[in-house]
Number of protein chains: 2
Amino acid sequence: MTMRDLSKPTTTKEAKPPRGRPRAFDREAALGAATRLFWAKGYEATSIADLTQAMGIGSPSLYAAFGSKEALYAEALDYYRANYQSLFWDKFQRAPTAREAVRTLLVGSAGALSGCSAGTPSGCMIALSSVGSEGHRELGAKVYEARTAGLHALKARLQAAVADGEVPASVDIDALARFVAAVQGGMSIMARDGANQAELESVADVAMTGWDARIAGSRT
Amino acid sequence: MTMRDLSKPTTTKEAKPPRGRPRAFDREAALGAATRLFWAKGYEATSIADLTQAMGIGSPSLYAAFGSKEALYAEALDYYRANYQSLFWDKFQRAPTAREAVRTLLVGSAGALSGCSAGTPSGCMIALSSVGSEGHRELGAKVYEARTAGLHALKARLQAAVADGEVPASVDIDALARFVAAVQGGMSIMARDGANQAELESVADVAMTGWDARIAGSRT
DNA sequence: GACTTTATATATTAGTCGATCCATAAATCG
DNA sequence: CGATTTATGGATCGACTAATATATAAAGTC
């Protein structure tokens with residue numbers, strides 16, 4: 001007669017616990033710990049021993065839950081995008097104008113990348129990942145896709161702005177999008193070197209000056 | 001009686017060959033090969049076996065000549081700066097104006113980072129190095145110094161431009177220098193993802209628009 | 001020539017890597 | 001209850017890691 005009795009009867013899964021011994025750790029929390037470790041140290045430099053210690057589990061549990069180090073890294077990339085990168089990309093998507101979208105993206109990046117959120121490494125895990133150069137082709141392709149997704153989002157927003165009349169059609173959309181992506185990537189490198197939020201925001205500020213000049217200049 | 005007899009008598013070193021068996025390989029060439037391998041794969045992912053194969057020597061010769069993997073990487077950083085990075089930083093130093101210095105730096109970076117020079121990896125070895133995050137503190141400090149050296153050169157050139165009257169004193173020197181450094185760093189990330197020279201040059205072009213607007217805007 | 005010094009090639013070191021085996025524990029099913 | 005299924009902890013696997021020991025080779029010095 002409680003709400004609990006009716007809360008999930010229509011969902012096909014999760015009604016019954018699985019057959020065998022239940023997992024003794026929180027899979028999501030362990031994945032989060034692994035993500036932050038990969039984020040801070042990179043793929044190659046992070047060992048299974050490092051991971052099991054940070055996750056608080058034994059290696060057999062790690063392999064049972066995630067399959068392999070590569071599979072764990074792939075899941076960590078998804079976890080990062082969903083739980084950290086989305087913070088400022090969501091604002092980008094919701095902004096009313098392309099200019100405000102880019103501005104909030106760069107300013108939000110300045111805050112997030114400088115490591116203000118306690119317990120998170122500095123810089124973007126995806127921008128700074130070099131797993132593709134280290135000989136892991138599949139993971140490299142996944143990181144590459146994640147990186148280009150940002151560039152495509154910028155291009156799409158700019159094209160929409162051209163359609164809306166916010167941005168003149170004479171603007172080089174690709175160049176402007178790549179410029180914003182490059183500034184954001186550079187901010188990650190500087191963040192890893194210890195740049196603080198104010199310093200990164202000043203970069204974003206200059207970049208917005210460039211944005212405005214580029215759009216104003218194309219009207220001639 | 002030949003020129004050779006007189007060419008180096010005043011130099012205290014290199015006159016005589018060293019005492020024992022002479023080295024059978026070209027140390028500089030081997031260092032160059034090691035540099036390009038570290039450059040392409042990063043420190044952690046490059047093994048001694050990879051290095052000895054690329055350098056064409058055995059591991060005892062490597063350790064006799066360079067000391068350790070870390071010492072070899074440190075020398076590779078110096079080799080990179082002297083033989084690759086100097087190509088576009090020299091132009092920066094020789095440019096008559098700060099604007100031309102920055103422009104030639106970014107355009108030169110676009111060419112060099114996109115891997116046009118045959119046989120060199122894409123992107124900047126120093127900008128993309130994550131050796132400091134991988135737990136190697138000394139090497140990380142060396143990479144950090146190399147990265148900040150570029151930023152300091154930019155600041156110094158801007159200050160000189162202010163003294164010359166090229167740039168108004170109201171300009172935020174630090175922000176502008178960091179902006180240029182960030183753009184250059186972002187270009188390295190894009191280069192590693194396969195961006196070609198024209199794409200990187202378009203980024204440099206937008207960045208220069210930002211530079212001009214920033215300086216013009218500060219006059220108000 | 002004998003002696004010293006340095007470099008190379010082969011083989012090997014102790015340690016760490018990612019990944020598993022095994023025995024035991026903890027749950028559901030019948 | 002026994003049977004089945006899954007998870008865990010400890011031990012361990014072969015492969016690879018950075019770094020060396022040993023023996024031989026090639027140079028200068030005397």
Side-chain angles (χ1 to χ4, degrees), chain A residues 8 12-31 33-35 37-38 41-76 131 134-140, chain B residues 8 12-31 33-35 37-38 41-76 131 134-140:
Chain A
K8 293 217 175 183
T12 53
K13 288 184 177 181
E14 303 193 49
K16 301 176 182 179
R19 274 275 253 135
R21 173 176 175 175
R23 183 177 289 125
F25 63 94
D26 183 339
R27 191 183 191 278
E28 198 76 356
L31 178 57
T35 300
L37 199 59
F38 277 134
K41 300 188 63 179
Y43 181 80
E44 289 284 341
T46 304
S47 70
I48 298 293
D50 294 333
L51 290 165
T52 55
Q53 184 184 357
M55 300 163 83
I57 61 177
S59 53
S61 298
L62 187 154
Y63 282 92
F66 299 101
S68 69
K69 186 185 176 185
E70 293 203 351
L72 174 58
Y73 188 82
E75 278 205 55
V131 70
E134 292 168 342
H136 304 270
R137 215 175 299 178
E138 289 188 15
L139 290 180
Chain B
K8 293 216 174 185
T12 53
K13 287 185 178 180
E14 302 193 47
K16 302 177 181 178
R19 275 274 257 138
R21 172 177 174 173
R23 183 177 287 124
F25 63 94
D26 182 340
R27 191 183 191 279
E28 196 76 357
L31 178 57
T35 300
L37 199 58
F38 277 133
K41 300 187 64 178
Y43 180 80
E44 288 285 342
T46 304
S47 70
I48 298 292
D50 293 334
L51 290 164
T52 54
Q53 183 184 358
M55 300 162 84
I57 62 177
S59 54
S61 298
L62 186 155
Y63 282 92
F66 299 101
S68 69
K69 185 186 176 184
E70 292 202 351
L72 175 57
Y73 188 82
E75 278 205 54
V131 71
E134 292 167 342
H136 304 270
R137 215 175 300 179
E138 289 188 15
L139 290 180

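In what follows, chains carry the letters A, B, and so on, assigned in the order in which the sequence lines appear, proteins first and then strands, with residues in each chain numbered from 1.
- Set against D:dT8, D:dA19, C:dT10, the side chain of B:Pro60 has C:dT10 as its closest nucleotide.
- With sequence neighbours left out, the side-chain contact (heavy atoms from CB on, under 4.5 Å) criterion links B:Glu75 to B:Arg27, B:Leu31, B:Phe66.
- The distance between atom OH of A:Tyr73 and atom C1' of C:dA19, rounded to the nearest whole Å, is 20 Å.
- A cation-pi geometry, defined here as NZ or CZ lying under 6.0 Å from the six-membered ring centre and within 45° of its normal, holds between A:Lys69 and A:Tyr43.
- Going from atom CZ of A:Phe66 over to atom P of D:dT8 covers 11 Å, rounded to whole Å.
- Going from atom OH of B:Tyr63 over to atom P of D:dA19 covers 3 Å, rounded to whole Å.
- Counting to the nearest Å, the P atom of C:dA19 and the NZ atom of A:Lys69 are 8 Å from each other.
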Please list, for nucleotides 12-15 of chain D, all pairs of protein and nucleotide N/O atoms separated by less than 3.5 Å.
none

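- Taking CG of A:Leu72 as the reference point, atom OG1 of A:Thr35 lies at 7.0 Å (rounded to 0.5 Å).
- One can place CG of B:Leu62 at 13 Å from C1' of D:dT20, the figure rounded to the nearest angstrom.
- Less than 4.0 Å separates DNA chain C from at least one heavy atom of each of the following residues of residues 42-56 of chain A: A:Thr46, A:Ser47, A:Ile48.
- Side-chain N/O atoms of B:Ser61 include none lying less than 4.0 angstrom from OP1 or OP2 on C:dA7.
- Residues A:Ala34 and A:Met55 share a closest heavy-atom pair of CB-SD, 3.9 Å.
- Remark: A:Asp50 pairs with A:Leu37, A:Lys41, A:Thr46, A:Ser47 by the side-chain contact (heavy atoms from CB on, under 4.5 Å) rule, at least two apart or across chains.
- Nearer to the 5' terminus of DNA chain C, by closest-nucleotide assignment, is the contact made by B:Gly20 (compared with the other of B:Gly20 and B:Gly58).
- Taking A:Ala74 as the reference, A:Leu139, A:Lys142 meet the side-chain contact (heavy atoms from CB on, under 4.5 Å) condition, with sequence neighbours excluded.
- In plain terms, the two heavy atoms of B:Ala54 and B:Ala33 that are nearest each other are O-CB, 3.7 Å.
- Summarising the geometry of A:Thr52 relative to A:Gly58, their closest heavy-atom pair is CG2-C, 3.9 Å, with the distance given to 0.1 Å.
- Residues from residues 21-30 of chain A that place a heavy atom under 4.0 Å from any atom of DNA chain D, listed by number: A:Arg21, A:Pro22, A:Arg23, A:Ala24, A:Phe25.
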